Chemist: 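Please find one structure pasted underneath; my questions will follow.
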Protein chains: 2
Amino acid sequence: MLTTLTEENYLKAIYHISQTSKKGVSTNAIAKKIDAKASSVTDMLKKLADKNLITYIKYKGVNLTEKGRLTAVDIIRKHRLWEVFLVDKLNFSWDEVHDVAEQLEHIKSPKLINELDALLDFPTHDPHGDPIPDKNGQIQRTDKIVLSQASVGETYTCVGVIDSSSDFLKYLDKHQIGLGSKIHVIEKEDFDQSMSLEINSKTIVMSKSITNNLFVKKL
Amino acid sequence: MLTTLTEENYLKAIYHISQTSKKGVSTNAIAKKIDAKASSVTDMLKKLADKNLITYIKYKGVNLTEKGRLTAVDIIRKHRLWEVFLVDKLNFSWDEVHDVAEQLEHIKSPKLINELDALLDFPTHDPHGDPIPDKNGQIQRTDKIVLSQASVGETYTCVGVIDSSSDFLKYLDKHQIGLGSKIHVIEKEDFDQSMSLEINSKTIVMSKSITNNLFVKKL
DNA sequence: ATATATTTTTAGACAAGTCTAAAAATTATC
DNA sequence: GATAATTTTTAGACTTGTCTAAAAATATAT
Ligand SMILES: [Mn+2]
Ligand SMILES: [Mn+2]
Ligand SMILES: [Mn+2]
Ligand SMILES: [Mn+2]
C-alpha cells in the first residue's frame with residue numbers, strides 16, 4: 001500500500017516526537033509539529049491506523065507499528081541523504097538544505113536513493129551530524145551529549161546540532177563553529193547556566209539556549 | 001502566484017500538444033495526454049485561465065500565455081536536467097529516467113536547479129536528444145528530421161527519439177542504436193515504407209512505426 | 001439545410017485533507 | 001470526590017482535483 005506525501009509527513013512527525021518521550025505520542029504534539037489543528041490530526045490518525053502504520057486507541061496516544069517505523073525511517077534516510085547531496089555536490093550551505101530536502105524526501109524510487117547513496121560514498125551522517133539510517137532501517141546511535149551538560153575543564157568535539165533552523169546555523173557559522181570544532185569548557189555560570197568556552201583559540205560565552213542545541217562528544 | 005503539481009502537469013501537456021499542431025489545443029487532446037476525463041480538463045482550464053496562464057474561450061481551444069509558456073518550459077528544463085543527472089551521475093539507463101524525472105521536475109528550488117546545471121556541465125540535450133531550455137526559457141532548435149523522411153543513399157546521425165517509452169528504447173538498445181549512431185539508408189520499400197538501413201556495419205530493416213520515432217540529421 | 005455525430009461544458013457527487021465549533025473524555029485542582 | 005481546565009474527538013463545512021451523466025455547442029454528412 002502506497003503512502004501519500006501527507007501520510008509520510010505525519011509518520012515522520014510521530015517518529016521524531018516518539019524519540020523524545022518514550023510514552024505514546026499525543027494528538028496535540030503532532031498537531032504542533034505538523035502545524036495543523038488537533039481535529040485534522042485525529043482524522044489522519046484513523047487513516048494511519050487503518051493502514052496498520054500506527055496503533056491508535058481513542059484518547060490515548062499513538063505508537064508506530066513496525067511497518068510505520070520502517071516507513072518513517074526510510075523517509076528520514078532519504079531526507080538526510082539528499083541533505084548530504086546538496087552540501088557535497090551542489091554547494092549548498094548547511095542552513096539551506098532542510099526545506100529542499102523536505103520536498104526531495106518524498107520522491108519514490110529505490111534505485112534513485114541507492115545510487116545516490118553510492119555517489120555520496122555511503123555517508124553515515126548528514127550535514128547537521130544526524131545519523132543516516134541504513135537500507136534496513138537500522139540507525140547507528142552514538143554516545144553524544146548536549147553541550148549544556150558538559151563538564152568544566154574538559155574538551156569536546158562538536159558532533160551535531162539539535163535546532164537546525166537557519167538562524168541558529170548562521171550564528172554558528174559566524175563564530176566558525178561546525179561539526180568537528182573543538183570546544184573546551186572554561187567555566188559554567190551557576191546563575192543562568194551560560195558557559196565560557198574556548199573555540200578556535202578564542203573565548204566565547206554561550207547562553208543556555210545555545211548550549212542546549214549543540215551535541216558534543218568527549219575527546 | 002505558485003503553481004500546484006497538477007497545474008504544472010496541465011501546462012506541460014498543453015505546451016507539448018501545442019508544439020505539434022499550431023492551432024489552439026483542444027480539451028480532448030489534453031484529456032488524452034493527462035489521462036483524465038474532458039470534464040476534469042474543463043474545470044482545470046478555468047483555473048489556469050483565472051491565473052493568466054492560458055487564454056481560454058469556451059468551446060474554442062486554449063493557448064498558453066507568455067507566463068504559462070515560461071512556466072511550462074521551466075518544468076521541461078527541470079525534467080530534462082534531472083534526466084541527465086540520472087544517466088550521467090546515477091547510472092540510470094535512458095529507458096529508466098522518465099518516471100523519476102516526472103516526480104523530480106516539480107521540486108521547487110531555483111538554486112537546486114542552477115547548481116545541478118553546473119554539476120552536469122551545462123548540458124544542452126537530455127538522454128533522449130531533446131534540447132534543454134536555458135534559464136530564460138529559450139530553446140535551441142536544430143534542423144533534425146524524422147528518419148522515415150530520410151533519403152535513400154544518404155547517411156545520417158541519430159540525434160533523438162520521439163517515443164521515449166521503455167519498450168521502444170529497449171528495442172534500440174538491443175540493436176545498439178543510440179544518440180550518435182550512424183545510419184545509412186540503403187532502400188525504402190514503397191509498399192509499407194519500411195527501410196533497409198546499415199547501422200554498425202549490419203543491415204537492419206525497420207518498419208515505419210519505428211522510423212517515425214527516430215530523429216536524424218544529415219552527416 | 002437538416003439530421004447526426006462529436007466535442008465540450010455543466011450539474012452534481014466523491015475522496016483527501018483541512019478547518020471551526022461543539023461535545024465528550026481525560027486530567028488537574030480544590 | 002466534585003468541579004474546573006485541558007485534551008481529544010465528532011459534526012459539519014470547505015478546497016482541490018477527480019468522476020459520471022446529461023445538456024449545449026460545434027462539426028460532419030447527406
Ligand atoms: Mn533536515
Ligand atoms: Mn539534517
Ligand atoms: Mn522524460
Ligand atoms: Mn527526455
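Remember, it's a predicted structure, so these values are computed and weren't measured experimentally. So that the names make sense, note that chain A is the first sequence line, chain B the second, and so on, each numbered from 1.
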Chemist: Could you give the NZ-to-P distance, from A/Lys23 to C/dT26, as a whole number of Å?
Modeler: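 It works out to 16 Å between those atoms.
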Chemist: Tell me whether the OP1 or OP2 atom of D/dT8 has a side-chain N or O from A/Asn28 closer than 4.0 Å.
Modeler: yes
Chemist: Are the aromatic rings of A/His98 and A/His128 close, with centres under 6.0 Å apart?
Modeler: no
Chemist: Would you check if the distance from the ring center of B/Phe85 to the ring center of A/Phe85 is below 6.0 Å?
Modeler: yes
Chemist: Atom CD1 of B/Ile34 and atom P of D/dT16: how far apart are they, to the nearest Å?
Modeler: 18 Å
Chemist: Just by modelled atom types, is the B/Ser165 backbone N or O under 3.5 Å from a matching donor or acceptor in the B/Asp163 side chain?
Modeler: yes
Chemist: Mind checking side-chain hydrogen bond (donor to acceptor under 3.5 Å, both in side chains) for A/Lys67 and listing every partner two or more places apart, or none if nothing turns up?
Modeler: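 Applying side-chain hydrogen bond (donor to acceptor under 3.5 Å, both in side chains) to A/Lys67 gives none.
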Chemist: Can you name the residues that form a side-chain hydrogen bond (donor to acceptor under 3.5 Å, both in side chains) with A/Thr4, not counting sequence neighbours?
Modeler: none
Chemist: Extract all donor-acceptor atom pairs below 3.5 Å that involve side chains of residues 28-46 of chain A and protein atoms in other chains or at least two apart in sequence.
Modeler:
{"residue": "A/Thr42", "atom": "OG1", "partner": "A/Ala38", "partner atom": "O", "Å": "3.1"}

Chemist: Distance under 6.0 Å and angle within 45° of the ring axis: does B/Lys217 meet both against B/Tyr156?
Modeler: no
Chemist: When you measure from the side chain of A/Asn213 to the backbone N and O of A/Ser209, does any donor-acceptor pair fall under 3.5 Å?
Modeler: yes
Chemist: Can any side-chain N or O of B/Glu83 pair as donor or acceptor with the backbone N or O of B/Ala101 at less than 3.5 Å?
Modeler: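 No, the answer is negative, given that no donor and acceptor are paired below the 3.5 Å cut-off.
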Chemist: Send over the distance from A/Leu45 CG to C/dA16 C1', rounded to a whole Å.
Modeler: 15 Å
Chemist: For residues 3-20 of chain A, which residues have at least one heavy atom under 4.0 Å from DNA chain C?
Modeler: A/Thr4, A/Thr6, A/Tyr10
Chemist: Which residues, if any, of residues 46-63 of chain A bring a heavy atom under 4.0 Å of DNA chain C?
Modeler: A/Lys47, A/Tyr59
Chemist: Going from CD1 on B/Ile57 to CG on B/Asn63, what distance comes out if it is rounded to the nearest 0.5 angstrom?
Modeler: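 Going from CD1 on B/Ile57 over to CG on B/Asn63, the span is 8.5 Å.
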Chemist: With a 4.0 Å cut-off on heavy atoms, is B/Thr42 in touch with a base, just the backbone sugar-phosphate, or nothing at all?
Modeler: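 The answer is base, as B/Thr42 lies within the cut-off (heavy atoms under 4.0 Å) of a base atom.
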Chemist: Would you list the protein and nucleotides 19-21 of chain C atom pairs, both N or O, that sit under 3.5 Å from each other?
Modeler:
{"residue": "C/dC19", "atom": "OP2", "partner": "A/Lys37", "partner atom": "N", "Å": "3.0"}
{"residue": "C/dC19", "atom": "OP2", "partner": "A/Ser40", "partner atom": "OG", "Å": "2.6"}
{"residue": "C/dT20", "atom": "O4", "partner": "A/Ser39", "partner atom": "OG", "Å": "2.9"}

Chemist: Quick one: do A/Lys51 and A/Glu7 make a salt bridge, cutoff under 4.0 Å?
Modeler: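 The answer is yes: the pair qualifies as a salt bridge.
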